Amino acid sequence: MRKATQFWLEARPRVPEAIAGLEALANDLFYSWDHGVRSLYARIDLRLWQKVEHNPKLFLRRVSQDRLDEAAENPAFLTEYRRILSNYEAYVASEPGSEVLQALDPETSLVAYFCAEFGFHESFPIYSGGLGILAGDHCKAASDLSLPFVAVGLLYQQGYFIQSIDAQGHQIATYKCHSSDELPISPVERDGKPVVISVPFPEREVHARVWQAKVGHIRLYLLDANTPENSEEDRALTLQLYGGDATTRISQEMLLGIGGTRVLSELGIRPTAWHINEGHAAFQILERCRQTMAEGLSFEEALEAVAACTLFTTHTPVPAGHDIFPRDLVAHALWPYLEASGLIFEKVFALGDRNQTDKFNMTSLGLRGSRFHNGVSRIHGRVASQMESDIWPQVPPEENPIGHITNGVHVATFLAPEWATLFDIQAPNWKSELRNPEFWNFVDKIPDYHYWSIHKALKQQMAEFVVHRLKRQHKRNGTGYSVTKRMTEKLTASDKDVMVVGFARRFATYKRATLIFSDLARLERLLTNPDRPVVLVFAGKAHPQDNPGQQLIKVIHDLSMHPPLMGHILLLEDYDQAMARRLLSGVDVWLNNPEYPKEASGTSGEKAAMNGAVNLSVLDGWWGEGYDGSNGWAIAPRDIDLDEEFRNREEARDLLDLLEFEVLPLYYDRAAQGYSEGWVACSKASMKTITPKFNAQRMVMDYVWQYYEPATLQGRRLMADNGRLARELASWKAKVHQAWGGVSIKVHGCVTDQCTWGDEVGLEVEMELNGLAPEDVRVECVVAMECSGAHSDPGSDRFLLQPVKNQKGKTTLFSTQVKPPYPGLQTLRIRAYPYHEALSHPLEMGAMLWV
Ligand SMILES: *Cc1c(COP(=O)(O)O)cnc(C)c1O
């Protein structure tokens with residue numbers, strides 16, 4: 001018998017007038033952090049809500065008319081609905097605070113934030129991991145603060161892959177197409193027509209249409225190549241995040257950087273500060289140069305103007321995070337665009353070139369096309385300064401212009417609602433005190449039993465979630481009933497509380513997911529001790545092209561099926577934001593043991609801490625600043641010059657020592673009340689010290705003060721009077737470049753080696769300026785305490801040498817009187833560097849000569 005063809009028909013319900021606001025709420029990513037909004041949908045139909053994976057738009061398409069009608073007539077539901085809707089309306093109507101207004105006037109300033117991925121919520125899967133979640137959190141905090149802010153990214157039809165782990169421990173990657181009408185976006189239209197921009201590509205134009213996502217106060221614009229103007233092949237350009245080959249990647253990056261800038265121009269949006277969040281978006285520099293050149297500036301002059309209002313953030317020291325394209329590919333891909341724009345290939349290539357390797361590095365482009373740069377933690381700022389030091393070849397790395405702002409996380413998104421409710425009672429205005437560490441001492445006032453009961457409830461929810469997901473994945477894999485039972489029984493035993501340790505993040509090798517297995521016999525003894533058992537929960541995706549990363553999954557899988565450890569090691573598939581929220585808020589200990597110094601910041605430990613989980617981590621990234629001796633445990637990384645195997649072994653031993661002698665004894669030191677007072681004290685210390693320092697509002701305000709405001713001012717200054725200073729600076733730099741090779745410096749006369757404390761000593765140097773004027777250089781003496789090595793300390797230990805008046809002769813003399821700032825032995829070092837008052841950073845030219 002022939003089977004009949006099936007046709008799909010979706011009969012969408014009508015949302016009753018009384019609850020019509022549910023549609024508006026589904027179209028604002030406000031729902032991604034407001035638990036109240038999400039709970040409205042869950043109340044209408046919990047099973048469907050779970051089935052549609054917490055996607056409000058999809059939910060409203062699939063929910064039955066009866067359920068909606070019932071809700072619209074249920075007084076309790078209506079009360080809740082009205083409360084939440086008015087909450088939302090108040091949020092959207094709120095104005096920026098005085099701190100923001102003082103730094104960035106919304107009438108005249110605007111920050112544009114470009115990133116290749118954004119992780120707002122599991123229902124909007126255009127992220128892969130930490131970078132995307134961070135970008136989402138940045139936007140959410142910008143919205144909370146009502147910052148003048150707009151974000152730009154790409155809409156990936158399939159996004160990142162969906163992960164399953166099969167019975168052999170292999171990762172299977174599958175992709176699912178998301179139609180735009182199930183995502184929280186709407187088409188951007190002008191005069192009733194969709195906005196489409198285009199970018200010249202080899203032998204064609206590639207078009208992109210534009211979508212917008214509402215994120216509370218701010219807008220995110222997304223470019224989408226899947227539009228009928230494009231060929232089939234080009235329509236697939238924005239299919240996947242981090243998919244395809246190098247050609248796909250550079251094409252995506254051209255769309256993001258060049259196309260993204262065109263979208264803003266097309267919509268009449270004129271940012272005053274531009275934030276390039278990681279190298280993927282750095283091509284925006286070229287398009288902005290092109291636009292500025294249209295105002296009559298040369299490429300060099302335009303670059304000065306563009307760079308002056310641009311911030312570049314680098315996010316990882318790991319090579320895979322930096323796009324490096326071969327010259328041929330760049331030439332081929334960019335040529336038509338450059339030709340149409342009047343940009344010269346060699347000049348553009350030089351911006352991305354690194355030590356004449358003939359490769360184009362997007363990080364170098366980002367750094368050379370911006371005057372503000374940062375890493376994402378104190379340690380990473382230093383590491384990035386070292387790594388990128390050849391951009392400023394003569395400047396000591398510790399003094400080059402790369403600063404740091406430590407990443408923070410969006411509290412409302414990641415804090416479990418149970419905690420938020422408790423805070424509402426204990427400290428009603430906690431939401432406006434997120435940047436006040438003193439305020440957070442209120443956590444100590446929460447009675448221990450109450451504090452612990454919340455943790456226990458969240459842990460219970462986490463356990464149920466883990467068991468449910470494990471059963472689902474093992475049922476599919478055909479795992480037997482008795483095995484699944486053994487696997488889950490530690491978490492389901494209601495009579496015995498077991499310590500749970502979480503480890504979930506991307507399976508990149510530097511994160512060393514399997515470090516804890518270095519001494520398997522010892523680990524087995526620790527985990528299976530009947531008096532103080534432990535369950536380790538792992539989850540994470542490995543990039544489909546990262547075989548060593550996938551190997552880690554296999555190792556963990558195999559151990560999880562290994563009889564003595566069964567039930568003590570659990571591996572969950574398809575880590576996403578929903579799973580992150582569950583695990584982070586339910587585990588007792590959050591483990592992170594990356595290879596120092598490769599964890600630029602890491603953020604999941606911050607999320608765990610604000611939910612009362614205690615961190616056990618290598619002192620790298622944010623934990624290097626977060627750990628204070630009382631709020632968790634730290635593994636001190638061994639010197640990076642030591643043998644890698646040795647470091648791994650030693651750090652693994654520290655990890656097991658900490659578990660055996662500190663973490664487990666404290667956790668299981670229970671009195672009659674059923675919990676450990678010492679543990680609760682540690683957990684509270686973690687929550688109260690970490691929440692106010694490592695949240696996204698603190699981070700975004702740091703960006704405002706350190707970068708957005710200065711970049712706005714600097715950009716304005718250089719472009720005033722038709723770009724007068726930009727032009728002057730460009731020609732001054734050209735002059736310095738010409739002359740610098742012939743500039744020299746030496747001591748004139750001799751330097752005193754002794755004086756009496758309180759006296760001054762005279763210093764005189766002689767410079768050959770090779771055509772530069774004395775005002776074109778700054779000559780300074782850096783005085784440091786002996787042995788401190790701190791010649792980079794700013795302020796009191798620097799003495800400026802002034803040109804001596806009325807000189808004759810070929811060379812120029814500079815002199816000063818130095819009053820030794822320290823008693824005893826100190827070092828004096830004298831140096832000269834080019835200086836112009838229009839520079840954004842005194843050392844931005846990277847040129848410096850030492851005596
Ligand atoms: C926070 C988060 C990350 C980042 O985790 P790290 O441990 O900081 O690398 C990755 N994925 C998801 C879903 C997250 O929520």
Side-chain angles (χ1 to χ4, degrees), residues 32-33 53-54 117-138 140-141 159-163 241-242 278 315-318 320-321 376-377 379-380 406-416 462 465 469 501-513 515 537-543 546 549 552 572-587 589-596 598-611 613 615-618 620-626 632 690 694-696 699:
S32 69
W33 67 89
E53 290 168 346
H54 312 153
E117 51 171 313
F118 288 88
F120 289 98
H121 188 251
E122 59 272 18
S123 61
F124 195 19
I126 54 168
Y127 65 94
S128 86
L131 179 69
I133 305 278
L134 178 86
D137 282 6
H138 198 106
K140 291 170 181 176
Y160 205 50
F161 70 98
I162 298 168
Q163 179 200 48
L241 170 61
Y242 306 142
E278 197 53 298
H315 282 268
T316 178
V318 177
V376 292
S377 69
I379 294 170
H380 178 239
T406 306
N407 286 343
V409 297
H410 191 245
V411 176
T413 300
F414 289 102
L415 185 71
M462 180 272 300
F465 171 85
R469 294 290 290 259
V501 179
F503 184 108
R505 50 182 60 85
R506 289 181 306 114
F507 279 117
T509 45
Y510 75 88
K511 291 180 183 268
R512 298 194 297 194
L515 189 79
V537 181
F538 288 90
K541 297 179 180 178
H543 189 280
D546 177 11
L552 298 174
L572 295 175
E573 65 188 16
D574 207 28
Y575 187 53
D576 70 356
Q577 224 184 97
M579 189 187 289
R581 288 198 306 272
R582 283 275 173 239
L583 295 182
L584 290 158
S585 62
V587 301
V589 175
W590 192 251
L591 174 66
N592 191 17
N593 44 30
E595 183 187 331
Y596 176 90
K598 295 187 178 159
E599 184 79 311
S601 167
T603 51
S604 62
E606 301 170 350
K607 304 168 194 168
M610 49 191 66
N611 283 292
N615 281 277
L616 164 53
S617 292
V618 167
D620 194 7
W622 80 276
W623 191 230
E625 294 147 63
I690 290 164
F694 298 97
N695 67 71
M699 168 177 76

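Ligands are counted one by one from 1 in listed order, and the atoms in each one are counted from 1 as well. Predicted model, so just to flag it, every value in this text is computed and none were measured.
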Notebook entry, point to check: Is a donor on one side and an acceptor on the other found under 3.5 Å between the side chain of Asp576 and the backbone of Glu122?
Noted result: no
Check: In terms of ring plane angle, is the pair Phe503 and Phe538 parallel, tilted or perpendicular, where the classes change at 30° and 60°?
Finding: tilted
For [atom], grab the closest protein heavy atom and report residue, atom and distance to one decimal in Å.
atom                   : result
atom 6 (P) of ligand 1 : Ser604 OG, 3.5 Å
atom 4 (C) of ligand 1 : Gly130 CA, 3.6 Å
atom 3 (C) of ligand 1 : Lys607 NZ, 3.7 Å

Notebook entry, point to check: Any heavy atom of Ile133 sitting closer than 4.0 Å to ligand 1?
Noted result: yes
Margin query: With nothing but distance in play, are any N or O atoms of Glu599 less than 3.5 Å from an N or O of ligand 1?
Written below: no
Notebook entry, point to check: Any N or O of Trp590 that comes nearer than 3.5 Å to an N or O of ligand 1?
Noted result: no
Output the list of atoms in ligand 1 that are nearer than 4.0 Å to some heavy atom of [X], sorted by atom number.
X      : result
Lys511 : 9 (O)
Asp576 : 13 (C)
Tyr575 : 11 (N), 12 (C), 13 (C)
Gly602 : 8 (O)

Notebook entry, point to check: For Tyr510, is the NZ or CZ atom of Lys598 found under 6.0 angstrom from the centre of its six-membered ring and inside 45 degrees of the ring axis?
Noted result: no
Notebook entry, point to check: How far does CH2 of Trp622 sit from CD of Glu599, to the nearest 0.5 angstrom?
Noted result: 11.0 Å
Checklist line | Proximity of Thr603 to ligand 1 by residue part, where a heavy atom lies under 4.0 Å | finding: both
Margin query: As a quick check of understanding, evaluate side chain to side chain contact (heavy atoms under 4.5 Å, CB included) for Thr406 and Met699, giving each step before the final call.
Written below: CA-CA 7 Å; Thr406 306; Met699 168 177 76; over 6 Å; no
Next item on the list: Check the pair Gln577 / Phe120 against side chain to side chain contact (heavy atoms under 4.5 Å, CB included), numbers first and verdict last.
Entry: CA-CA 8 Å; Gln577 224 184 97; Phe120 289 98; 5.5 Å; no
Check: Between Ile133 and Phe414, does a side chain to side chain contact (heavy atoms under 4.5 Å, CB included) hold up when you go through it step by step?
Finding: CA-CA 11 Å; Ile133 305 278; Phe414 289 102; 3.7 Å; yes
Notebook entry, point to check: Step by step, would you call Phe507 with Asp546 a side chain to side chain contact (heavy atoms under 4.5 Å, CB included)?
Noted result: CA-CA 9 Å; Phe507 279 117; Asp546 177 11; over 6 Å; no
